[in-house]
Enquirer: 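My questions will all concern the structure given below.
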Amino acid sequence: MERRRPPQTEEGWYVLHDFRSIDWDAWRDAPERHRSSALEEGVDYLSAAEDAVDAEEGESATFAMLGHKADLLVLHLRPTLSDIDALERGFEQTALAEYTERADSYLSVTEVSGYMSEEFFEDDEEVEDTGMRRYIETRLKPTIPDSEFVSFYPMDKRRGDADNWYDLPFDERADHLSSHGEIGKEYAGRVTQIISGSIGLDDFEWGVTLFADDPTDVKDLLYEMRFDPSTSRFAEFGRFLSGRRFPPEQLGAFLAGEPIPQDETEHGHHHGESAHGDHHGDSSGHHRGDSDGHHGGDDGDDDESVRSELEEMGVYAGQPHGEDVHAVVLYSAADPEELYEEVDGLRTNFDHYDTHVKTAVYEPSELADEESETAVVSLWETERAANTAAGFLADLPEIVRQAGDDRAPAGADGERGDGPASDDSWGTMGMFYAVKPEHREDFVDTFEDAGALLADMEGHRKTDLLANLEDENDMFIASRWDSREDAMQFFRSDAFADAVEFGRDVLEKRPRHVFLA
């Protein structure tokens, strides 16, 4: 009798979906002092869970559920079942628990399988590809995305007489899953998933948790997947539960029936700003291509007026989001060659997504000083995709700052302050300098002359020329200024006008000189 070979699995964090119903009659009838105590203990519990103060690692999030199936979801991810058990019992010790009943729950564990990477399950369990290794790590220890909408459902693979998933050969199952995954890649940046195994732990074989800012993205994704054979022939689903995330400190608003999540200016920090929120959405540290760290108070109208002025001078100043793309720009103190190996691994996976434009390492040119850092630039067609990529890129070795961070920018001497950036600091990025090969030396010489001029300019802090490690003719210029007006004085100068004209002769395409901060 033939026995199918099961793919190996590696388990990571345990996952508990804890669904609660509120006893609204009891809540309304309770004395105010009881409600106040329950609210205070509830906020303390949920905040501590989201900060993972109970364990060395982990993630938690709180959601207001929609419909009759539950009122509240507390989602926990922790390294051990002991951690999960303690969290469950810890909630029951709060005064808030007296006003809730468990409507449902689901226990599972994050996993990767041989379908994803057979190489991972070789004897040494080492994966050569850096990008794949990082991807596996994020599957085993996922970050809960900073998205508003959540949808959870359990699922099985069908074991019927006509269609039995487990009777298929391994290669056929792998092909089904690969085709299924290609559909998901089309929604990268819009829908994020956590898939966890639950065979022997709960009623179904897997739990699927989808996160998005737009609920219709989840609907569209699942609708499209319904027509894929791996779903239409082999998938069985449990019930779906949907909700909206809110920060723990807004529990009072939730219980009072007020709209949530409320504006962060009214209720402190947003839920993405927890101790474990470094890679959640915009808090991941990425900054779009129109900025290299603007910390001033100017609004978008001022940006447009500056763009218009530069356009009149014949200077391309970028679209509001850069060169019609979204850019993640990070700076690292790591060796450029070592950094490139890490980035190349990530890029292999980025290339699977249609929204990926380019990711490259730019090392300081021969003109740079010892304090100059290597830049990693990743370009994407959508902001959501850039947000997702930023979380991976932020884990690259020796990242010292990211475009748009809150640290003081480098001064003229190359030293960087440790305090907050000053209100009038301003940055520009010159990207997309594709130099004709025969004019590269001329371009570098001209930059050196401009650097000497800049060094004497009032308000100029630092300017670096960086070159793509894979294409020395692909240049990137980053500048820091005391203020917007200081930079504009340079752009209005004859020296810059001469540089613009020079660029028309030595660059492959229309000069892309300035990306505003």
Enquirer: Can you name the closest pair of heavy atoms from Phe350 and Ala389 and give their distance?
Expert: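 Heavy atoms only, the tightest pair is CZ-CB, 3.9 Å.
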Enquirer: Without hydrogens or angle criteria, can the side chains of Ser198 and Ser108 be said to hold a donor-acceptor pair below 3.5 Å?
Expert: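 Short answer, no.
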Enquirer: Working to the nearest 0.5 Å, report the span between OH of Tyr331 and CD1 of Ile399.
Expert: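 So the OH of Tyr331 and the CD1 of Ile399 are separated by 11.0 Å.
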Enquirer: Please find the pair of heavy atoms, one from Ser332 and one from Pro397, that lie closest to each other, and give the distance.
Expert: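 Looks like OG-O, 2.8 Å.
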Enquirer: Could you check whether Ser36 and Glu32, counting side-chain N and O atoms only, form a donor-acceptor pair closer than 3.5 Å?
Expert: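 A donor-acceptor contact under 3.5 Å links the two side chains.
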Enquirer: Compare every heavy atom of Val43 with every heavy atom of Glu249, then report the nearest pair and how far apart it is.
Expert: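 Of all heavy-atom pairs spanning Glu249 and Val43, the closest is CA-CG1, 4.1 Å.
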Enquirer: In sequence, state the C-alpha distance, the side-chain angles, and the governing distance for Phe211 and Arg245, and then conclude on side-chain contact (heavy atoms from CB on, under 4.5 Å).
Expert: CA-CA 10 Å; Phe211 305 87; Arg245 187 172 181 178; over 6 Å; no
Enquirer: Pick from Val377, Thr374, Val376: which one makes a side chain to side chain contact (heavy atoms under 4.5 Å, CB included) with Val343?
Expert: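 Filter result, single survivor: Val376.
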Enquirer: If the condition is ring-ring contact (aromatic ring centres under 6.0 Å, His included), which residues does Trp206 pass it with, not counting sequence neighbours?
Expert: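 Listed in chain order: nothing, the list is empty.
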Enquirer: Below 4.5 Å, heavy atoms only, C-beta onward: do Tyr353 and Thr388 meet side chain to side chain?
Expert: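 They are not in contact (no side-chain heavy atoms under 4.5 Å apart), so the answer is no.
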Enquirer: Any sub-3.5 Å donor-acceptor pair from Ser151's side-chain atoms to Ser242's backbone N or O?
Expert: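 Looks like no, no N/O pair under 3.5 Å.
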Enquirer: Hey, which of Phe240, Tyr106, Phe63 is the one that makes ring-ring contact (aromatic ring centres under 6.0 Å, His included) with Phe152?
Expert: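 Single ring-ring contact (aromatic ring centres under 6.0 Å, His included) partner of Phe152 among Phe240, Tyr106, Phe63: Tyr106.
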Enquirer: Just by distance, do the side chain of Thr348 and the backbone of Asp344 share a donor-acceptor pair under 3.5 Å?
Expert: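 Yes: the side chain of Thr348 pairs with the backbone of Asp344.
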Enquirer: Decide yes or no for Asp54 and Leu87: does some side-chain heavy atom of the first lie under 4.5 Å from some side-chain heavy atom of the second?
Expert: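 Side chain of Asp54 against side chain of Leu87, heavy atoms only: contact under 4.5 Å found.
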Enquirer: Considering all heavy atoms of both residues, which atom of Thr110 and which atom of Arg139 are nearest to each other, and what is their separation?
Expert: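 The pair with the smallest heavy-atom distance is CB-O, 3.3 Å.
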Enquirer: Roughly how far, to the nearest 0.5 Å, is CD of Glu182 from NZ of Lys185?
Expert: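 Between Lys185 NZ and Glu182 CD, I get 4.0 Å after rounding to 0.5 Å.
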Enquirer: Walk me through it: do Val15 and Thr209 pass the test side-chain contact (heavy atoms from CB on, under 4.5 Å)?
Expert: CA-CA 10 Å; Val15 185; Thr209 313; 5.7 Å; no
Enquirer: Using side-chain contact (heavy atoms from CB on, under 4.5 Å), reason through Arg239 and Asp104 one step at a time and then give a plain yes or no.
Expert: CA-CA 11 Å; Arg239 64 178 186 169; Asp104 203 348; 3.3 Å; yes
Enquirer: For the residue pair Glu11 / Thr9, report whether a side-chain donor-acceptor contact shorter than 3.5 Å exists.
Expert: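 Indeed, the side chains of Thr9 and Glu11 share at least one donor-acceptor pair under 3.5 Å.
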Enquirer: How long is the span from the NE2 atom in His34 to the CH2 atom in Trp27, to the nearest 0.5 Å?
Expert: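 It comes to 11.5 Å.
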Enquirer: Got Lys157 and Arg173 here, is their nearest side-chain heavy-atom distance under 4.5 Å?
Expert: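 The answer is no; the side chains never approach within 4.5 Å.
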Enquirer: Would you please test Asp214 and Phe149 for side-chain contact (heavy atoms from CB on, under 4.5 Å) and show each step?
Expert: CA-CA 7 Å; Asp214 186 346; Phe149 179 74; over 6 Å; no
Enquirer: So which heavy atom on Leu77 is nearest to which on Pro142, and how close?
Expert: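 Heavy atoms only, the tightest pair is CD2-CG, 3.4 Å.
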Enquirer: Looking only at non-hydrogen atoms, find the nearest pair between Gly42 and Leu96 and report the distance.
Expert: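 Nearest heavy atoms, Gly42 then Leu96: CA-CD2, 3.8 Å.
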Enquirer: Quick check on Arg158: does its CZ atom have over 12 non-hydrogen neighbours (other residues, nucleotides or ligands) under 6.0 Å away?
Expert: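 Counting neighbours around CZ of Arg158, more than 12 heavy atoms of other residues, nucleotides or ligands fall under 6.0 Å, so yes.
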Enquirer: I'd like to know if the side chain of Arg347 reaches the main chain of Thr359, judged simply by a donor and an acceptor atom lying under 3.5 Å from each other, with no hydrogens or angles considered.
Expert: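 Such a contact is found between Arg347 side chain and Thr359 backbone.
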Enquirer: For a 4.5 angstrom cut-off between non-hydrogen side-chain atoms, does Leu255 reach Tyr99?
Expert: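 Sidechains of Tyr99 and Leu255: no contact.
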Enquirer: Below 4.0 angstrom, N of the basic side chain to O of the carboxylate: do Arg78 and Asp83 qualify?
Expert: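 Answer for the salt bridge query: no.
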Enquirer: Once you round to the nearest 0.5 Å, how far does NE2 of His176 lie from CZ of Arg233?
Expert: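 One finds 5.5 Å between NE2 of His176 and CZ of Arg233.
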Enquirer: Taking only Lys NZ, Arg NE, NH1 and NH2, and the carboxylate oxygens of Asp or Glu, determine whether Arg89 and Glu92 approach each other closer than 4.0 Å.
Expert: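 No, Arg89 and Glu92 are not salt-bridged.
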Enquirer: Are Phe392 and Asn349 side-chain neighbours, meaning at least one heavy-atom pair lies under 4.5 Å?
Expert: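 Not in contact.
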Enquirer: Going by heavy atoms in the side chains, are Glu236 and Met155 under 4.5 Å from each other?
Expert: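 No; the side chains remain at least 4.5 Å from each other.
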Enquirer: Side chains of Thr62 and Leu251: does their closest heavy-atom pair fall under 4.5 Å?
Expert: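 Not touching, per the 4.5 Å side-chain cut-off.
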Enquirer: Can you tell me how the ring of Trp380 sits relative to the ring of His356, calling it parallel under 30°, perpendicular over 60° and tilted otherwise?
Expert: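 Rings of Trp380 and His356: tilted, as their planes differ by 30° to 60°.
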Enquirer: Can you tell if the side chain of Leu107 reaches within under 4.5 Å of the side chain of Leu81, non-hydrogen atoms only?
Expert: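 Yes, at least one pair of side-chain atoms sits under 4.5 Å.
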Enquirer: Checking Arg159 side chain against Tyr166 main chain: does a donor-acceptor pair fall under 3.5 Å?
Expert: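 Side chain of Arg159 to backbone of Tyr166: no pair is present.
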Enquirer: With rounding to the nearest 0.5 angstrom, report the CD1 to CG distance, Ile144 to Asp146.
Expert: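 These two atoms lie 10.5 Å from each other.
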Enquirer: Would you mind telling me which of Val150, Leu222, Thr192 makes a side chain to side chain contact (heavy atoms under 4.5 Å, CB included) with Leu210?
Expert: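 One option only clears the test, and that one is Leu222.
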Enquirer: Between Asp156 (side chain) and Phe204 (backbone), is there a donor-acceptor pair under 3.5 Å?
Expert: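 Between the backbone of Phe204 and the side chain of Asp156 there is no qualifying donor-acceptor contact (under 3.5 Å).
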Enquirer: Rounded to the nearest 0.5 Å, what's the gap from OG on Ser230 to CG on Asp175? Could you check?
Expert: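 Between Ser230 OG and Asp175 CG, I get 11.0 Å after rounding to 0.5 Å.
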